[in-house]
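Some notes on the structure that comes next.
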Protein chains: 2
Amino acid sequence: MSNGSRQAQRSEATRRKLVDAGRRLFADRGFAAVGTEELVREAGVTRGALYHQFADKADLLEAIVDEIDGELTQAIAAGAMTDATGPVEALRAGAVAFLEAVTAPDVHRIVLVDALPVLGWERWRAIGLRHGLGLIEAALAGGMEAGAIRRAPTRPLAHVLLGALDEAALYVVAAEDQQTARAEMLEVLDGLLEGLRA
Amino acid sequence: MSNGSRQAQRSEATRRKLVDAGRRLFADRGFAAVGTEELVREAGVTRGALYHQFADKADLLEAIVDEIDGELTQAIAAGAMTDATGPVEALRAGAVAFLEAVTAPDVHRIVLVDALPVLGWERWRAIGLRHGLGLIEAALAGGMEAGAIRRAPTRPLAHVLLGALDEAALYVVAAEDQQTARAEMLEVLDGLLEGLRA
DNA sequence: GCAACTTACGTACAGGCAGTATGTATGTCA
DNA sequence: TGACATACATACTGCCTGTACGTAAGTTGC
C-alpha cells in the first residue's frame, strides 16, 4: 500500500468525510432513515466516492462503529481505569465513564441500537472484541490471576457484563431524569461488580 | 368491539396468518430482508389485508414481538419459576428456561436483534415491561420484601439483568458448541444472581 | 328484508432508495 | 511518456414501502 502518496491522502480524506457525515446523520436519525444521497451531500462528495470507498452502506456503518467503539474504549482505558486501586474498582470506574460517555448520541444510537441487525451479531461481536469486550475480558482475567475476582469463564462473563452495561446505557439515555437514572444504574452495577470478588 | 361476529373472526384469522407468516420469515432471514410481497404470499393474503390490519410493517413486527415475548414469559413464569424454593432460585430457574427457549430462532432473531431499531427503544421497552421485564421486576420486588434479596432500585436492576440475559442468549445462539456455551453462561449468571442475596 | 353504512380486502400507482455499470480524470510507475 | 491503476462522477435499474382508490362482504336501523 503506497503510504503517503497523494492518492492515499485523497482516499483517506474522503473516507474521513464520509465517516464523519455518517456519524452525525446516523446518530441523529438512525441508519435506516438516512439515504446515501443525503449522506454524500452532507459529506461533500458523490455516491460514486461512497461506493468506491465502501462495499455498501453497511460497510460504512461498520467503519463508523469501529471508530466510535475504539475511541470510547481508548478513552475509558486510558482515563478512568488506569488509576484504580484494583480490578473491581477498575471495572467500576470503567462503568462510570461508560455511562457518562454514552450520553453522546453517537454511541447509543449507532452502536447500541442500529449496528446489531445491520452488521449481524458476528461482525458486531468481532468489533466489540477488539475494543470494549476485550478490555473487560482483560480486566477480568487480570483480576482472577491476582486473586481479586472469583474464577469464572472470562469470555462469557465479559459478554454478560457488557450486555448489562449496554442496557444500562439505553436506560439512562431514555430516562426523563438522566441524573437519577445514572445514579441508580451505578448503584445497581456496583452491586453486581461487588459480587464478582473472590 | 363486536366480539364473535363473523367479521371479527375473519379479521382475527387474517391477523393470525400474517403474524404466523411474519414469525417464520423474519426469524429465518430478518425483518429487513423480507418484503411485504413475499410476506403476504406466504400468509395467503394480499398486501391490502396487511395494510388494513396493521399500520405499517413495523406495526406487524410489534404484534409479533408482543406475542413471542408473551408466550416466552408465560411459559417461564408458569413453568420453571413456580416451584422454586426462593426468589434467587426462581430467577435462576427463569434464566435456565430462558436460555433453553431462546434457541428457537423466533426469539433471538426477531426480539433480540431486529426489534430494537425498528420499534425504537421506547416501544421495545414497553413490550418488555408487560412481559419479561415485568416478571423479573416482580420477582426482585418480592425477594426484597421477603428479605432474600439486597435492596436496590428494582426497575434499573431488572433492566440490567434482562440486558445480561439477552446478551447471554445471543452468545449461546452464535456459539459453535451451544452445550458448553450455555453451561458457561449459566455458571456466570448464577454467580451474578448469587451476588443479589441480602 | 332492504337500504344505508361500515368493515375487510384487492389492485394499481408513485416515490424513494440501494446497488451497479460505465465513463472520465487524476495519479503512479516502468 | 506511455501503459496502467486508482479515485471519483453519473446515469440507470430493480425493488420495496406506503397510499389511493375500488369492490365485495358483512352489519344495523327501520
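Sequence lines set the chain letters: A, B, ... in the order given, protein chains first and strands last, and positions in each chain run from 1.
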**Asked** How close or far is atom P of C/dC29 from atom CZ of A/R6, stated in whole angstroms?
**Response** 12 Å
**Item:** A/E145 CD: over 12 foreign heavy atoms closer than 6.0 Å
**Value:** no
**Gap between atoms CG and C1', on A/D59 and C/dG19 respectively (whole Å)** = 13 Å
**Message:** Expressed as a whole number of angstroms, how long is the span from B/R16:CZ to C/dC9:C1'?
**Reply:** 19 Å
**Message:** Can you tell me how far apart CH2 (B/W121) and CD (A/E167) are? Round to the nearest 0.5 Å.
**Reply:** 5.5 Å
**Prompt:** To the side chain of B/Q7, which of C/dT28, C/dG19, C/dA8 is closest?
**Reply:** C/dA8
**Request:** Assign A/V40 to base, sugar-phosphate, or nothing according to its heavy-atom contacts below 4.0 angstrom with the strands shown.
**Result:** nothing
**Asked** Whole Å only: how far is the CD atom of B/E12 from the C1' atom of C/dA8?
**Response** 14 Å
**Message:** Distance check needed: C/dA18 P versus A/R41 CZ, whole Å only.
**Reply:** 12 Å
**Prompt:** What is the minimum heavy-atom distance between A/I149 and A/A139, and which atoms define it?
**Reply:** CD1-O, 4.5 Å
**Prompt:** In whole angstroms, how far is the C1' atom of C/dA8 from the NZ atom of B/K17?
**Reply:** 12 Å
**Message:** I'd like to know if the side chain of A/E62 and the backbone of A/R123 have a donor-acceptor N/O pair within less than 3.5 Å.
**Reply:** no
**Asked** Got a sec: does the CD of A/E38 have more than 12 other heavy atoms crowding it under 6.0 Å?
**Response** yes
**Item:** Sidechain N-carboxylate O distance under 4.0 Å for A/E194, B/R197
**Value:** no
**Asked** Using rotation axes that map the C1' atoms of four end pairs onto the next four (five pairs an end), what angle separates the end axes of the helix from C/dG1-D/dC30 to C/dA30-D/dT1, to 10°?
**Response** 20°
**N or O in side chain of A/T36 less than 4.0 angstrom from C/dC17 OP1/OP2** = no
**Request:** State the NE2-OG1 distance between A/H52 and A/T46, to the nearest 0.5 angstrom.
**Result:** 11.0 Å
**Complete:** When rounded to whole Å, the CG to P distance for the pair A/L18 and D/dA7 reads 13 Å
Could you run down the sub-3.5 Å N/O contacts of the protein with nucleotides 22-24 of chain C?
none

**Prompt:** So, do B/P87 and B/L140 sit near enough that their side-chain heavy atoms are less than 4.5 Å apart?
**Reply:** no
**Request:** For the pair B/R130 and B/E137, find out whether any cationic side-chain nitrogen is under 4.0 Å from an anionic carboxylate oxygen.
**Result:** no
Distances for protein N or O near nucleotides 8-10 of chain D N or O, under 3.5 Å:
from, atom 1, to, atom 2, distance (Å)
D/dC8, OP1, A/T14, OG1, 3.3
D/dC8, OP2, A/T14, OG1, 3.3
D/dC8, OP2, A/Q53, NE2, 2.5
D/dA9, OP2, A/T46, N, 3.3
D/dA9, OP2, A/T46, OG1, 2.3
D/dA9, O5', A/T46, OG1, 3.3

**Message:** What I want to find out is whether A/R23 reaches A/E67 closely enough, with some N-O distance under 4.0 Å, to be called a salt bridge.
**Reply:** yes
**Message:** How many whole angstroms separate atom CZ of B/F54 from atom P of D/dT19?
**Reply:** 16 Å
**Side-chain donor-acceptor contact under 3.5 Å, A/R10 with A/S5** = no
